[in-house]
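What follows is a set of notes on a single structure, which appears directly below.
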Amino acid sequence: MTVADVVKKLDLKVFSGEKGLDRQVTGGYVSDLLSDVMGNADSGQIWITLQTHKNVMAIASLKDLAAVILVTDHKPEANTAEQSNEEGIPVLGTSLDTFEITGKLYDLING
Amino acid sequence: MDNQMHFEYNVEGGNFTRAGYASSQIKKILKQLNVDIAIIKRTVVATYEAEVNVVAHAYSGTIYVDIDTEAVKIRLVDEGPGIPDIDQAMEEGYSTASSQVREMGFGAGMGLPNMKKNADKLEISSEVDKGTTVEITMFLNEKG
């Protein structure tokens, strides 16, 4: 499954990093603590969070994550979107909350 | 071919927009050197946490990277408040980060434990009101 498939099936907004929409998705990780993601997420996962600052992209890039989903209509800060474009790691958005979007992504990947 | 390489990066205390830059450069170098991906992953976690600690706590710092055929050594030397009690700082959940830093999702007291889990060798020395030196060693071959 690619990030583009996830965007389509879960009706997500694409804020930035469009050139990474063909990245393969292997799973997901949900956390707003950056060290938790740093320590425990794995490459190819989609990270669900409400953090919108640029360090999110530093972590997404260092961990080779597939994409980031921002919950409850959060939008990436300008320099976050900029780095997302540079790295080709999409930042996506949903109006759903963390619980709801996580459940949907889980079903999509493991269903 | 040179079998010893040396790199240096400056880290600016308080500048979170650049946090992770040095770690990202180090990751690129290790990838170019065809270092085993599992070792790169662990190096990245340990180095990023150490770099963020300099940004979050110190005034300035320098990262010295030395790579030879045996190991990658990453030494982070900062000028800053230092760590009064290193054992306490190593405890999971212990943090002295500001509320501003915590709101960004840092300062959960997971940084040093992450470094310890991922580094093959971790050495920390610190002097209060002077600064802290962290040395991360990653062995490139079988240990021992």
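Residue numbering restarts at 1 for every chain, and letters A, B, ... go by the order of the sequence lines.
Heavy-atom pairs under 4.5 Å with chain A peak, among Lys117(B), Lys41(B), Arg42(B), at Lys41(B).
Hydrophobic clustering of Ile, Leu, Val, Met, Phe, Trp and Tyr side chains at less than 4.5 Å, counting indirect connections, keeps Tyr29(A) apart from Leu10(A). If you chain together hydrophobic residues whose side chains sit under 4.5 Å apart, Leu33(B) and Val44(B) fall into the same group. Under the 4.5 Å side-chain contact rule for hydrophobic residues, Val3(A) and Val71(A) share a cluster. Note on Leu108(A) and Ile69(A): same hydrophobic cluster, where clusters join Ile, Leu, Val, Met, Phe, Trp and Tyr whose side-chain heavy atoms are under 4.5 Å apart, directly or indirectly. There is a path of hydrophobic side-chain contacts, each under 4.5 Å, that joins Leu140(B) to Met5(B).
Within residues 47-62 of chain A, the residues approaching chain B closer than 4.5 Å by heavy atoms are, in numerical order, Gln51(A), His53(A), Lys54(A), Asn55(A), Ala58(A), Ile59(A), Ser61(A), Leu62(A). Using non-hydrogen atoms only and a strict 4.5 Å limit, the part of residues 22-30 of chain B facing chain A consists of Ser23(B), Ser24(B), Lys27(B). Annotation: residues 52-79 of chain B contacts chain A through no residue [non-hydrogen atoms, separation under 4.5 Å].
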Side-chain polar contacts of residues 100-113 of chain B - donor-acceptor pairs under 3.5 angstrom, sequence neighbours left out - could you list them?
from	atom 1	to	atom 2	distance (Å)
Arg102(B)	NE	Ala97(B)	O	3.0
Arg102(B)	NH2	Ser95(B)	O	3.2
Arg102(B)	NH2	Ala97(B)	O	3.4

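One N or O on the side chain of Asn114(B) and one on the backbone of Ser35(A) form a donor-acceptor pair closer than 3.5 Å.
Residue Phe16(B) touches chain A through both its backbone and its side chain, counting heavy-atom pairs closer than 4.5 Å. In this structure, chain B has a heavy atom under 4.5 Å from the side chain of Asp42(A), while its backbone stays farther away.
By the neighbour-count criterion of 12 heavy atoms within 6.0 Å, atom NZ of Lys13(A) is densely surrounded, having more than that number from other residues, nucleotides or ligands. Atom CZ of Phe7(B) has more than 12 heavy atoms from other residues, nucleotides or ligands within 6.0 Å.
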